[in-house]
Amino acid sequence: MADAATDTNTPYAIRTYSPQRLKDALHKMFLIRKFEEGAEDSYTRGLIHGTMHLSIGQEASAVGSCMSLSDEDKITSTHRGHGHCVAKDADLGKMFAEFFGKETGYCKGRGGSMHIADPSRGNLGANGIVGGGLPIAVGAALSAKRLGTGAVTVCFFGDGANNEGAFHESLNMAAVWKLPVVFVCENNRYGMSTSTARSTAVKQIAERAAAYSMPGVTVDGNDFSAVTEAVDAAVARARRGEGPSLVENMTYRWRGHSKSDRNRYRTKEEIAEWMERDPIVAMSKLLVDHKILTEAEVGALEEDAARIIREAIDFAAASPDPKIEEATRDVYTEGAAA
Amino acid sequence: MADAATDTNTPYAIRTYSPQRLKDALHKMFLIRKFEEGAEDSYTRGLIHGTMHLSIGQEASAVGSCMSLSDEDKITSTHRGHGHCVAKDADLGKMFAEFFGKETGYCKGRGGSMHIADPSRGNLGANGIVGGGLPIAVGAALSAKRLGTGAVTVCFFGDGANNEGAFHESLNMAAVWKLPVVFVCENNRYGMSTSTARSTAVKQIAERAAAYSMPGVTVDGNDFSAVTEAVDAAVARARRGEGPSLVENMTYRWRGHSKSDRNRYRTKEEIAEWMERDPIVAMSKLLVDHKILTEAEVGALEEDAARIIREAIDFAAASPDPKIEEATRDVYTEGAAA
Amino acid sequence: MNAQTRTEMRELSYAEAIREAMDIALASDDRVILMGEDIGVYGGAFQVTGDLVEKYGTDRVMDTPISELGGAGVAVGAALTGLKPIFEFQFSDFAALAMEQIVNQAAKVRYMLGGSVSVPLVMRFPAGSGTGAAAQHSQSIEAWLGHVPGLKVVQPSTPEDVKGMLLAALEDPDPVMIFEHKILYKMKGHVPEGHYTTPIGKAAIRRAGKDLTIVATSLMVHKALAAAETLGPEGIDVEVIDLRTIRPMDRETVLASVRKTGRLICVYEGVKTLGVGAEISAMVAESDAFDFLDAPIVRLGGAECPIPYNPELEKAVVPQVPDILDAARNLAEGRI
Amino acid sequence: MNAQTRTEMRELSYAEAIREAMDIALASDDRVILMGEDIGVYGGAFQVTGDLVEKYGTDRVMDTPISELGGAGVAVGAALTGLKPIFEFQFSDFAALAMEQIVNQAAKVRYMLGGSVSVPLVMRFPAGSGTGAAAQHSQSIEAWLGHVPGLKVVQPSTPEDVKGMLLAALEDPDPVMIFEHKILYKMKGHVPEGHYTTPIGKAAIRRAGKDLTIVATSLMVHKALAAAETLGPEGIDVEVIDLRTIRPMDRETVLASVRKTGRLICVYEGVKTLGVGAEISAMVAESDAFDFLDAPIVRLGGAECPIPYNPELEKAVVPQVPDILDAARNLAEGRI
Ligand SMILES: Cc1ncc(C[n+]2csc(CCOP(=O)(O)OP(=O)(O)O)c2C)c(N)n1
Ligand SMILES: Cc1ncc(C[n+]2csc(CCOP(=O)(O)OP(=O)(O)O)c2C)c(N)n1
Ligand SMILES: [Mg+2]
Ligand SMILES: [Mg+2]
């Protein structure tokens, strides 16, 4: 690989993004991994009150899908949303603070893991309702079109969500109105314990795009470049005013659905097999192979991510709790007309 | 056409059904037409309190789709359900009585046009909620499969209903569980004022069957034989335990959506064009061409239908109103456990 | 007659008043859009949007597919990102399909996000019985939404109020749900021209009286007023309060009236049990006004059944003027 | 210890009691099926179905796709045609997606069809706050369904009751909605073996008292009992009524108690406004028991906000034992 950048076999991401952006992408993937591990650890140590849904193993999908987005562009996320937040440039301290229920958190401790959002970065938020974000994403795309902002919305959802009526209604409206939205299905093969084979009457969810006359493509969701190539094309199409697309990232969550999962619906072998296909290892190798980073630099990136997460956790741990007497603040807008 | 029954060009219905059944089918189509005209007339004369949705122009779809069903088989119907009722052998007197809000009506005057049902004939009822009958049909098919009754459910719904989330969820579950249900979309090109082009991101609704890995076919819904051929095949498939199908009957409603319709969304020419394609005229011609009926016999059938409807209206008009003091009867089952 | 007098005399129907409010909003604020099923060329199932699509085009008066959940969610997303949608349910009954987006999203997102966003969304719900449309097209479900923090819920009873409250709702940064009784659409009344707002959260005393308070909502306000006219000459002087807003409820106006009259009847069309009148009654029973009560608090609500089709049954299952008369006489004469 | 004593002493958790009821039903009636998300091999989000799928197979313990509206509708259709489905919502919050089928179909179809069908359907709703799952996974929406004629709505508060009421629900030809507080799932208590039913529509007096009546629902029953234990030695003798059924409400038991004590506190977790306590209060205020009231009727309900994530805030927005103590003391000492 003498001259990667001109080789036609060079992966899309390498051809398309600057070394700096690629390094940043890998850094974000490390941040997600470390965030999730830190979250898990905090849970084990009893610092977390509720449950959580970890996205370890899905980092390429989150980061790859946001590569061509700016702060003006929007995303809607899911219950498994930490990775999307990080991909959309959230502040890690505020994320952990939210996770710890602190006043300094993104939601001032009111929302928790399932509701982290950062509107300033175009992140309209995680969502506790499976499929809940789909029509909201379409609404954001409607705003963009109507207000002429040029913004695109990337709507994350899971394979399980694809069986919600909201999926159907949302894709249909987006297509009828030719809205600038990209539906990114993170197909990790299970909605909780229920495999797509037992829940979904089609082999690949991307096949359902045809029911809305929109392009649909399935890619290896653990291959950063493949994700980027597919989503970037869909984002570009949306920006050109040609309407929505559906991209299906095949991926896998290493951990159980949430903390109550006994992992009875899948085998250890299957999990091990997918852990072999670690998206971060693959991305690291890609960048090393293309001489964008050395092994040592990869290690340094990982360590830096670990440090940031430690600091984020420290920030969160040291942050104040919300005041009890303010429990009902922000239900309505203060000083509103009525 | 010397020997129609052996001619390979002979339409399916002629090849398949006895002359008596075909005559009965045409008779039912006349009954539907006359029922709707009688309903309209009653409305104009102020005998009807609410609104109504007439199916004039769609008679072949209703009757054709029920040809291979017995009383054990179920249907679920829609707000535009009079035709389905008649096709499933409802008593016309009880139908009109219901329409007039009488105690002798199918629903004892509690339900009205949008809720006529005849469980004894397997008709689970019209439905005021667009798409409301779809999951109910799947549930009926689940019962049939689980209880081993061999019954099939035909689920009628409109083109407008195909954009409801309930459509998606229902077809998906029916397919995943391989249930004996046939989804019959009566595509009359409009949901109220909204054309499929403006509401539905696919050209033919049958294309959406692929999203559920089930067969989907579009037929001329005003061609009795074509409807019968498609639905019978789907019913047979369901009976064989091979799962659900989607059949799309292209048809047209001659009248406005309901009595509040100013018909602003379509042209007179379009209406006239479709009136040329009267399914009853076509069916009459089919039976005359195949020497199953003479013109005179067709006229006699029509007249008989008109007589039955007159008698039904007379029965309804002479029937008693429900008693006011029984307004809250039948909310719960009397003498129930709790 | 000078211009001003003419203005003051101007009468519009309730539906026209809504349309005028939407017209004003569309004309003055680019961010306002209308969404709903058949609100464009059809003019809306109840002809409320009428010909607005001709004036503002299909980009701003948008026919949605028959997708209540998705449509409501699109409106939520649009409201979160710069638009001000006015979303029409064709019948309030169909909101049952969209409760997820209304309750789990629109109502909660501001709070869940710690106040970093707001949802300037208006939803309109044609509600109530009396049209012969039976059980799935005649419900009064305002109590459901009245139970949901984060929403504001109003039930204007006059053309003037519905215009003013719709315009107030549009100025409100939070989601406002407007329940419009279908039977009111054709009712005429005085409607001021131009832009004005009617406050959300304030009840109106429609008739002052000293013997007995009736708190009524929506169409029932008119029935209560009719009853009050009959009762006056009988020596029962009724104060009629039009609650107007279900959430937040105007405690003070109601309590002040009860302190004065000592007797209360709540009249509402929704099912009696857990309907709006339950809250009115409980609000009074837990307040200092309790001490002024001379008799039990009477509720006249809808019967415990779905709305039947037959017109006589349909009337029988919601409060009518004679029911109010009976209750008021019994109460005033100490028979309760 | 003989066999009978052993039986009487047997303790199960609330979740185990539900599972036992479903096991009995599945074993004795072929028409019973369980439906819900992840109720099979996963055992249910709260491990209520547990290992039942191993005993009865996936045909009778059916994992549904994540399709609440459709799933609920399938259950309605199945109930109409010969099966007896027990449908589990994973969290009651998601019922917002299925209100159409629950309210417009299941509740109304018998009435709309003039009594020619019935819907023997049981739905289970894991409800309430206290698990740190925030605003979209912690709601108490029983008041919505309590407002709907055609449904029966219960909130069992003990392992014994939840088993008996689930079995009663299965014998009931009409749709019965069971709200199960998630915090109760692990609570242990005596549960009789075998088949028995606990009547729907009957409240239970959990503690007799003469000074003050507390009517509580679900988890709040236990908080009320804890408060009563503290208040007894202070000379405030509290009668604690476990309402158990929201629809139809047991008027007589509540009124009899209020006639005796003259003081009433309603304690419920749902949002205060238009929550279950509003109906309890209004029911008393309109009855002859009104004349026996010595003080206003106090309601302790959920705060007017979504359920927050932070555990301290989460506790603060629903009634706790100290809130009940305060209210009871104030009421008993005439400070209200
Ligand atoms: C409407 C709704 N139904 C059910 C749930 C419970 N639930 C949370 S996540 C989940 C599985 C979602 O699967 P999928 O969409 O594939 O996302 P994944 O968890 O695999 O990332 C379920 C059933 C929910 N939160 N919302
Ligand atoms: C959930 C719901 N949304 C909207 C309506 C109002 N509505 C009644 S019929 C109808 C059009 C239905 O169109 P389609 O399914 O094509 O049936 P058609 O009337 O053409 O027979 C609408 C919007 C309704 N009854 N239910
Ligand atoms: Mg998944
Ligand atoms: Mg149509």
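Keep in mind that what you see is a predicted model, and the values were worked out from it rather than measured. In what follows, chains carry the letters A, B, and so on, assigned in the order in which the sequence lines appear, proteins first and then strands, with residues in each chain numbered from 1. Side-chain atoms are counted along with the backbone in the values below, which use heavy atoms only and exclude waters and symmetry mates.
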Identify which part of C:Glu312 has an atom lying under 4.5 Å from any heavy atom of chain B, answering side chain, backbone, both or neither.
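It is both, since atoms from each part get that close.
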If you tally heavy-atom pairs under 4.5 Å against chain B, which of C:Cys305, C:Ala135, C:Pro306, C:Ala303 wins?
C:Cys305
Relative to chain C, which segment of B:Asp261 carries a heavy atom at a distance below 4.5 Å: side chain, backbone, both, or neither?
both
Proximal component of B:Asn263, with respect to chain C [non-hydrogen, under 4.5 Å]
neither
What's the spacing between B:Asn163 CG and C:Thr64 OG1 if we round to 0.5 Å?
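The OG1 atom of C:Thr64 is 9.5 Å from CG of B:Asn163, to the nearest 0.5 Å.
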Rounded distance (nearest 0.5 Å) linking atom NE2 of B:His79 with atom NE2 of C:His137:
8.5 Å
Strictly less than 4.5 Å between heavy atoms, which residues of residues 38-48 of chain C line up against chain B? Please order them by number.
C:Asp38, C:Val41, C:Tyr42, C:Gly43, C:Ala45, C:Gln47
Sort by residue number and list every member of residues 66-81 of chain C having a non-hydrogen atom under 4.5 Å from chain B.
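C:Ile66, C:Ser67, C:Glu68, listed by number.
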Which of residues 191-198 of chain B have a heavy atom under 4.5 Å from any heavy atom of chain C?
B:Gly191, B:Met192, B:Ser193, B:Thr194, B:Arg198
Enumerate by number any residue of residues 252-260 of chain B whose heavy atoms lie under 4.5 Å from heavy atoms of chain C; in the absence of such residues, state 'none'.
B:His257, B:Ser258, B:Ser260
N/O donor-acceptor pair under 3.5 Å between C:Tyr309 side chain and B:Lys108 backbone:
no
CA sep, side-chain torsions, deciding dist, call: B:Asn127, C:Gln136, side-chain contact (heavy atoms from CB on, under 4.5 Å)
CA-CA 8 Å; B:Asn127 209 309; C:Gln136 293 175 332; 3.3 Å; yes
Under a 4.5 Å heavy-atom cutoff, which of [options] has the most pairs with chain C?
options	value
B:Arg329, B:Arg262, B:Glu326	B:Arg262
B:Gly109, B:Ala166, B:Cys107	B:Gly109
B:Pro322, B:Gly105, B:Gly165	B:Pro322

Starting from the C-alpha separation in whole Å, work towards a yes-or-no answer on side-chain contact (heavy atoms from CB on, under 4.5 Å) for C:Leu97 and B:Glu164.
CA-CA 10 Å; C:Leu97 284 157; B:Glu164 286 281 8; 4.1 Å; yes
Nearest atoms (heavy-atom pairs only) where [X] meets [Y]:
X	Y	result
C:Ala134	B:Gly111	CB-O, 3.4 Å
C:Leu313	B:Lys323	CD2-O, 3.7 Å
B:Ala327	C:Val317	CB-CG1, 3.7 Å

